[in-house]
Amino acid sequence: MSKIFLSAGEASGEHYGALLMAELRRLEPQADFFGLGGTRMASLGLRRVVRAEDVAVMGITEVILHMPHIYRQYRKLKASLRAERPDLAILIDFPDVNLSLAAELRRLKIPVVYFVSPQLWAWKKWRVRGVRRNVSRMLVIFPFEEAFYRAHGIAADFVGHPLADLDLPTVTREEFASQNGLDASKFWVGLLPGSRTRELEANLPPMFEAARLLGPGYEYLLPVAPTLKDSQVQAFAAQAKGVSVRVVHDARAVLQHARASVVASGTATVEAALIGNPFLVVYRVSRITYAVAQRVVRVAHVGMVNLIAGRRIVPELIQDDFAASKVVERLRPLLENQEARATMQSDLRTVGATLRVNNEGAIQHAARIALQLIPAGQPSQLQSALVTSWPVE
């Protein structure tokens with residue numbers, strides 16, 4: 001029986017962690033999982049040393065404020081590694097914790113798979129040396145990342161993006177309208193501010209003001225992220241005076257049926273691209289975080305869709321540019337101009353095609369590679385099957 005350590009500390013990473021656990025369990029039914037994860041991973045059998053919801057913060061100032069607590073949880077994870085000595089470690093994104101854990105794992109001589117690359121290609125490139133020293137295999141979900149790591153002497157594989165393997169939502173527009181008390185005769189605008197309370201605080205006010213400027217001809221859909229309570233989101237939605245904002249529970253269905261959307265930079269922008277929903281990328285962080293980012297981030301675009309395309313196919317309104325009047329200026333053509341809509345949708349289809357590798361899904365691809373790294377003294381059932389089925393010459 002293989003013992004596998006997993007570490008996923010944020011909403012999107014925890015989602016991928018749950019998918020990966022399910023596939024690893026299929027390939028290795030007796031595997032024992034422990035580490036850092038959320039409720040979905042726990043429901044699949046992860047013995048949680050640390051709960052993801054207790055450490056998921058972001059931004060320079062936010063991390064500093066929570067540093068004592070995060071460090072205590074980090075020490076618990078290190079202690080569990082020394083006590084349990086897993087056969088394999090799979091680290092998912094969350095670089096502030098996982099890159100440090102990788103160093104501890106190397107000292108313990110435990111092979112490390114890093115799934116979903118931290119954005120070292122954008123900033124903190126000095127950390128690449130640590131990745132080269134501590135990570136056995138980097139499994140990346142964006143095509144340009146494979147070349148970046150290989151150029152730095154790191155074993156890396158582009159496995160495809162997990163979101164590219166998902167089927168489109170099957171709920172019809174009429175069904176979705178009925179379920180959520182919406183007017184199916186109106187155009188809908190998706191408002192996706194992020195999955196953390198701080199992101200709602202920063203991103204929702206200009207979204208709501210833009211909605212007021214656009215007027216009552218639209219209905220505005222605000223999906224609830226799994227990391228947030230309904231009551232939290234309802235409290236924010238109550239601030240949208242004079243516009244019809246509906247809190248719903250299916251972000252992908254929103255992106256499927258909205259005429260266009262305003263989407264905070266992050267995983268939801270990739271979902272919007274894959275579904276084909278015209279959108280704007282927006283974001284605000286604290287002034288300190290933004291000032292630091294301006295000095296160290298070295299990329300031409302903020303939106304992942306634009307980075308993949310290598311050009312600006314989706315408008316970006318970041319920090320002070322994220323003002324209601326500018327949102328309306330960039331959003332209105334996507335709502336009213338068929339040519340502008342068609343151009344963006346064509347560009348999004350091109351980007352989506354690059355996020356698929358072959359007929360094997362990203363999660364299946366990643367799980368297969370990960371299990372191959374278990375040391376020979378502890379063969380997985382997958383390895384055993386490969387050995388016993390190999391023809392003898």
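In this text, all values refer to a predicted model and were calculated from it rather than measured experimentally. In this chain, residues are counted from 1 in sequence order.
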Measure from the side-chain N and O atoms of Arg25 to the backbone N and O of Leu44, and report whether any donor-acceptor pair falls under 3.5 Å.
-> yes
Sub-3.5 Å donor-acceptor pair from the side chain of Glu219 to the main-chain atoms of Asp183, do we have one?
-> yes
Pairs flagged by salt bridge (charged side-chain N to carboxylate O under 4.0 Å, His left out) wherever residues 346-361 is involved - sequence neighbours left out | Arg311-Asp347, Glu360-Arg368
Under a 4.5 Å cut-off applied to non-hydrogen side-chain atoms, are Trp188 and Ser261 in contact?
-> no
Asn306 vs Glu316, side chain to side chain donor-acceptor pair (under 3.5 Å): CA-CA, chis, key distance, verdict | CA-CA 9 Å; Asn306 294 331; Glu316 297 182 0; 2.7 Å; yes
Side-chain touch Asp87/Ile110, heavy atoms, less than 4.5 angstrom | no
side-chain contact (heavy atoms from CB on, under 4.5 Å) assessment of Val314 paired with Val263 = CA-CA 11 Å; Val314 174; Val263 185; over 6 Å; no
Kindly say whether Ile92 contributes a backbone atom to a donor-acceptor pair with the side chain of Tyr16 at under 3.5 angstrom?
-> no
Are any non-hydrogen side-chain atoms of Ile313 and Val351 less than 4.5 angstrom apart?
-> yes
Arg137 vs Tyr114, side-chain contact (heavy atoms from CB on, under 4.5 Å): CA-CA, chis, key distance, verdict | CA-CA 6 Å; Arg137 188 74 64 88; Tyr114 209 122; over 6 Å; no
Side chain proximity check, Asn277 to Gln256, heavy atoms < 4.5 angstrom = no
Basic-acidic side-chain contact under 4.0 Å: Glu209, Arg212 | yes
With the side chain counted from C-beta on, respond yes when Arg85 and Leu81 share a heavy-atom pair under 4.5 Å apart, and no when they do not.
-> no
Here the gap from Arg127 atom CZ to Arg129 atom CZ, rounded to the nearest 0.5 Å, amounts to 11.5 Å
Got Val135 and Leu105 here, is their nearest side-chain heavy-atom distance under 4.5 Å?
-> no
Looking at Pro162 and Ala362, what are the two nearest heavy atoms and their distance?
-> N-CB, 3.6 Å
Of all pairs that satisfy side-chain hydrogen bond (donor to acceptor under 3.5 Å, both in side chains), the ones with a partner from residues 235-249, not counting sequence neighbours = Asp230-His249
Determine which pairs satisfy salt bridge (charged side-chain N to carboxylate O under 4.0 Å, His left out) with at least one residue from residues 162-180, sequence neighbours left out, and list them in order.
-> none
Can Leu334 and Phe279 be said to form a side-chain contact (heavy atoms from CB on, under 4.5 Å), step by step?
-> CA-CA 8 Å; Leu334 302 179; Phe279 69 101; 5.8 Å; no
Run the side-chain contact (heavy atoms from CB on, under 4.5 Å) check on Asn180 and Asp250 step by step: do they pass?
-> CA-CA 10 Å; Asn180 295 283; Asp250 189 341; over 6 Å; no
Euclidean distance, Ile369 CD1 relative to Met138 CE, rounded to 0.5 Å = 13.0 Å
Which atom of Arg198 lies closest to which atom of Tyr283, heavy atoms considered = NH2-OH, 3.3 Å
Any side-chain heavy atom of Ile154 within less than 4.5 Å of one from Val128?
-> yes
Kindly say whether Lys3 contributes a backbone atom to a donor-acceptor pair with the side chain of Asp32 at under 3.5 angstrom?
-> no
Is any side-chain heavy atom of Pro193 closer than 4.5 Å to a side-chain heavy atom of Glu199?
-> no
Whether Arg284 side chain and Phe322 backbone form a donor-acceptor pair below 3.5 Å | yes
For Phe142, does its backbone N or O pair with a side-chain atom of Glu145 as donor and acceptor, under 3.5 Å?
-> yes
Step by step, would you call His152 with Arg132 a side chain to side chain donor-acceptor pair (under 3.5 Å)?
-> CA-CA 8 Å; His152 287 86; Arg132 184 166 55 240; over 6 Å; no
Pairwise distance CE(Met41) to CZ(Arg48) - rounded to 0.5 angstrom | 9.5 Å
Might you point out which heavy atoms bring Ile90 and Leu20 nearest each other, and give the distance in Å?
-> CG2-CD2, 3.7 Å
May I have the step-by-step check of salt bridge (Lys or Arg N to Asp or Glu O under 4.0 Å) for Arg107 and Glu104, ending in yes or no?
-> CA-CA 5 Å; Arg107 287 190 285 270; Glu104 178 69 12; 2.9 Å; yes
Can you tell me how far the CG atom of Leu139 sits from the CZ atom of Phe115, to the nearest 0.5 Å?
-> 7.0 Å
Ser346 side chain to Ala342 main-chain N or O, any donor-acceptor pair under 3.5 Å?
-> no
Main-chain N/O of Val247 paired with Gln234 side-chain donor or acceptor, under 3.5 Å | no
Correct closest heavy-atom pair for Pro143 and Leu355 would be CD-CD2, 3.9 Å
Which heavy atom in Ala156 sits nearest to a heavy atom in Tyr149, and how many Å separate them?
-> CB-CB, 3.7 Å
Between Ala240 and Val245, the two heavy atoms sitting closest are CB-CG2, 3.6 Å
Could you label the plane-to-plane angle of the Tyr218 and Phe187 rings as parallel, tilted or perpendicular, counting under 30° as parallel and over 60° as perpendicular?
-> parallel
Please determine if Glu336 and Arg341 form a salt bridge, counting it only when a charged side-chain N lies under 4.0 Å from a carboxylate O.
-> no
Side chain Asp157, main chain Val159, donor-acceptor under 3.5 Å = no
Short side-chain to backbone donor-acceptor contact, Arg330 and Leu280, under 3.5 Å | no
The reported gap from CZ in Phe158 to OG in Ser117 (rounded to nearest 0.5 angstrom) is 12.5 Å
Say you draw a straight line from CG of Leu192 to CG of Leu255; how long is it, rounded to the nearest 0.5 Å?
-> 5.5 Å
Counting only heavy atoms not in Gln338, do more than 12 sit closer than 6.0 Å to its CD atom?
-> yes
